[in-house]
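Data block below; observations after.
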Amino acid sequence: MRVLVSGGAGYIGSHTVVQLVAAGHEVLVVDSFVNAKPSVVGRIEGITGQHLPVHAFDLTDKDKTERLFASERIDAVIHFAGLKAVGESVAMPLEYYTNNLESTLSLVRAMLRHDVRKLVFSSSATVYGTDQDGATEDRTTFATNPYGWTKVMQEQILRDIGAADPTLRIALLRYFNPVGAHVSGTIGEDPQGIPNNLVPYLAQVAVGRRDQLDVFGDDYPTRDGTGERDYIHVEDLAAGHLAALHRIGTMDEPVATWNLGTGRPTSVLEMVAAFGRAVGRELPYRIVPRRPGDIAVSYADPSRAEAELGWRATRSVDDMCADTWRWQQANPQGYPDA
Ligand code: UFG
């Protein structure tokens with residue numbers, strides 16, 4: 001297939017592009033580069049050995065989106081592009097609603113106009129709100145912050161569009177906590193500024209960019225009192241996208257929803273210990289108060305994806321840490337600016 005990947009220069013997008021090319025698909029990327037460095041493109045090309053066509057614009061630009069679809073044959077779209085920082089979304093709700101909703105509307109409008117029927121959409125466990133333990137796909141969706149609401153709303157919009165036009169084939173993929181990097185160590189997660197998420201923060205402590213990890217609370221009703229999450233290796237997650245893309249081609253109904261997680265929760269302190277094993281020394285941390293908005297436990301019930309996609313996450317937490325550490329050591333400041 002000829003697959004358009006929006007946000008293909010981003011963390012999950014870049015790993016998925018590599019797997020799509022390896023599987024024999026032709027890939028084109030659209031990315032605004034607001035949250036990604038252009039140098040990732042050369043890294044992807046280094047792994048695949050192929051030129052990657054990239055269109056640098058924001059999907060909220062309806063005219064450019066329309067022109068792209070008018071000028072390129074596209075068989076399917078994987079839509080990663082979007083703003084994704086929970087805290088920032090609380091401070092800037094209008095930007096989050098505008099960007100995330102308008103980009104999806106612009107993209108889907110162009111798809112329908114040019115008869116592109118297949119879409120794989122990046123959703124999140126955040127659509128389970130405060131109810132993320134052992135989540136199955138039929139659970140009620142709601143959110144606790146504007147970022148989360150944009151995912152709930154985009155899912156609803158896509159379900160409504162699928163109901164109105166049953167010839168569409170749409171996969172809504174709900175990710176749990178993606179971590180890790182490509183085994184080459186040449187592409188990985190490159191947060192701008194102070195990392196919000198646990199594993200990128202730990203990686204920066206390990207490489208000497210940060211003094212110590214702040215563990216947000218040790219008084220949760222969990223095994224060791226720290227928050228538990230379902231960390232999934234980004235390579236397993238990328239493989240889930242390929243499985244979904246292939247599956248929707250033979251699906252009977254227009255819209256399907258799949259959790260992509262391992263089903264196994266890991267606590268913050270367990271992750272600190274695992275990352276220390278990868279690095280070969282214990283990493284410094286201190287316990288601080290809970291982070292507002294955090295929940296105690298989040299993990300998937302991944303059985304629907306296993307049954308319907310024939311997909312399962314295979315990489316361990318130690319694999320995730322070893323691969324993240326390889327990437328961070330080789331790129332202590334992330335991707336180069338030029
Ligand atoms: N944590 C720390 N210290 C840090 C960062 C995180 O102790 O510096 C803890 C958190 O309190 C939590 C766990 O590590 O218990 C994981 O936190 P992350 O920030 O890595 O991930 P979250 O589960 O909070 O958030 C992720 C995505 C969101 C998404 C959410 C789904 O980053 O985009 O999962 O519910 F919305």
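We count ligands from 1, going down the list as the structure has it; atoms in each ligand are counted the same way. Start at 1 with the first residue, then count along the sequence. When reading the values below, keep in mind they use all heavy atoms of this one structure, side chains included, and skip hydrogens, waters and symmetry mates.
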At under 4.0 Å between heavy atoms, is it the side chain or the backbone of [X] that contacts ligand 1, or both, or neither?
| X | answer |
| --- | --- |
| Q132 | side chain |
| P195 | neither |
| N196 | backbone |
| D214 | backbone |

Shortest protein heavy-atom distance from [atom], along with the residue and atom involved:
| atom | answer |
| --- | --- |
| atom 12 (C) of ligand 1 | R229 NH2, 3.6 Å |
| atom 19 (O) of ligand 1 | R291 NH2, 2.8 Å |
| atom 10 (C) of ligand 1 | D294 OD2, 3.4 Å |
| atom 18 (P) of ligand 1 | N197 ND2, 3.4 Å |
| atom 31 (C) of ligand 1 | T126 N, 3.6 Å |
| atom 28 (C) of ligand 1 | V86 CG2, 4.1 Å |
| atom 9 (C) of ligand 1 | V268 CG2, 3.6 Å |

Counting N and O atoms only, with roles assigned by atom type, does the side chain of [X] sit under 3.5 Å from a partner on the main chain of [Y], one being a donor and the other an acceptor?
| X | Y | value |
| --- | --- | --- |
| T65 | L59 | yes |
| T98 | E95 | no |
| R209 | P332 | yes |
| N331 | G185 | yes |
| T186 | H182 | no |
| T324 | G180 | yes |
| D230 | A300 | yes |
| S89 | Y96 | no |

Discussion item. In this structure, does ligand 1 have an atom that sits under 4.0 Å from one of the heavy atoms of G148?
Written reply: no

Item to complete: Could you tell me if any non-hydrogen atom of Y231 lies under 4.0 Å from any atom of ligand 1?
Response: yes

Worksheet item: Is the closest side-chain donor-acceptor distance between E228 and S267 under 3.5 Å?
Response: no

For [X], atoms of ligand 1 separated by under 4.0 Å from a heavy atom:
| X | answer |
| --- | --- |
| S124 | 29 (C), 31 (C), 36 (F) |
| V215 | 7 (O) |
| G227 | 15 (O) |
| L198 | 5 (C), 6 (C), 14 (O), 18 (P), 20 (O) |
| K84 | 33 (O) |

Worksheet item: Hey, does the Lys NZ or Arg CZ of R229 hover above the aromatic six-ring of Y299, less than 6.0 Å from the centre and inside 45° of the axis?
Response: no

Discussion item. I want to confirm something. Looking only at heavy atoms, which of F216, Y201, Y128, Y147 is nearest to atom 7 (O) of ligand 1?
Written reply: F216

Discussion item. Judged on heavy-atom distance to atom 21 (O) of ligand 1, which of D218, N177, L213 sits nearest?
Written reply: N177

Fill in: Between H15 and F80, ring centroids under 6.0 Å
no

Item to complete: Assess whether side-chain hydrogen bond (donor to acceptor under 3.5 Å, both in side chains) is satisfied between D165 and T167, documenting all intermediate values.
Response: CA-CA 5 Å; D165 181 349; T167 68; 2.6 Å; yes

